[in-house]
> 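Take a look at this one; I'll ask things after.
Residue numbers start from 1 in every chain, and the chains themselves are labelled A, B, ... in the order their sequence lines are given, proteins ahead of strands.
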There are 2 protein chains.
Amino acid sequence: MMRDIQQNRLDEWKAMGFHPNNCPVRQVLDHVAAKWTTLILLELEGGPQRFNALGRALPDVSKRMLTQSLRNLERDGLVNREVFGTKPPSVAYGLTDLGASFLAPLHAMISWADEKFPSINAARTKFDME
Amino acid sequence: MMRDIQQNRLDEWKAMGFHPNNCPVRQVLDHVAAKWTTLILLELEGGPQRFNALGRALPDVSKRMLTQSLRNLERDGLVNREVFGTKPPSVAYGLTDLGASFLAPLHAMISWADEKFPSINAARTKFDME
DNA sequence: CAGCATCCGTCCGGATACTG
DNA sequence: CAGTATCCGGACGGATGCTG
């Protein structure tokens, strides 16, 4: 019964091309979700960085995750990857215009978090007491 | 060696109270990450909703996840939970002022995603071709 | 230096069944 | 109606070792 209602709603969404698994917004939010990508973007805000420099700036990101995160960002056109054929080889990562434009809404969220964190913490400890 | 550098940087962060695991901003971003919480907040933007009404509005959220998400939001003071001692019992969820204030930065991200999605998609398909 | 490959534990979240 | 309890697969991500 409720199952049918849900199914109908799902069908509506599919018809609109809005099923959550291919939702444009979700795919962007997943970058925010991705635990490291935002830190990377913020770090690149100061200018392009080499791979290991990024690793040193973000100490608790493993090389594996750093590579993976950078690939995802590169794939979505937020970050560009420039290879220098030197020896040993070096690679620089920098923000694209698209990536840079993402910093505005990101900073908006961060500011909100900064500003409201006392309230959140208060609510949290109160909730946990009961 | 690099390990030492990383450890030093980590220590600095700890001294500043900024270790990623208790970072205020991270904890807020984790709400965005949480896959359902944002949809819930957006749904509540239209006004308070009862539990099952929310479930019907968000068809692909299981009851389990809906409960869990609402608890997290309630814990952080973004959502309030009002119980009516009727029979059968009913519960309404609504945005707090804090929760409502979060919608601004959230909408900023959504707008960005909406606006830039064509570019992202283009970058993505180009990346995948090579 | 800048990765990739592999193994492996953890946790997120779905499905299902049951309760006051 | 509004949840809780349990089971479970699969994805996320850390540690380690190897490569051009």
> Can you tell me if B/Arg26 uses its side chain to pair, donor with acceptor, with the backbone of A/Lys35 under 3.5 Å?
yes
> Verify the contact: side-chain N or O of B/Lys35 to OP1 or OP2 of C/dG14, cut-off strictly under 4.0 Å; return yes or no.
yes
> I need the full list of ring-ring contact (aromatic ring centres under 6.0 Å, His included) pairs touching residues 83-102 of chain B, with sequence neighbours left out, sorted by first then second residue.
A/Trp112-B/Phe102
> The side chain of B/Arg81 is closest to which nucleotide in this list: C/dG14, D/dG3, D/dG14?
D/dG3
> Under the 3.5 angstrom rule, does the side chain of B/Ser69 hit a backbone N or O of B/Thr37 as a donor-acceptor pair?
no
> Among the nucleotides C/dG3, D/dC1, D/dG20, which one has an atom lying closest to any side-chain atom of B/Arg50?
D/dC1
> Pick out which of B/Arg50, B/Arg56, B/Gln49 makes a side chain to side chain contact (heavy atoms under 4.5 Å, CB included) with B/Asn52.
B/Arg56
> What bend angle does the helix from C/dC1-D/dG20 to C/dG20-D/dC1 show across its length, from five-pair end axes and to the nearest 10 degrees?
50°
> If you only use heavy atoms from C-beta on, which nucleotide in D/dA2, C/dG14, D/dG14 is closest to the side chain of A/Arg64?
D/dG14
> In whole angstrom, give the distance that lies between atom CZ of A/Phe51 and atom P of D/dT19.
18 Å
> Would you mind reading off the distance between B/Met65 atom CE and D/dA2 atom C1', rounded to a whole angstrom?
16 Å
> Give me the residues of residues 66-76 of chain B where at least one heavy atom lies under 4.0 Å from an atom of DNA chain D, by number, or none.
B/Thr67, B/Arg71
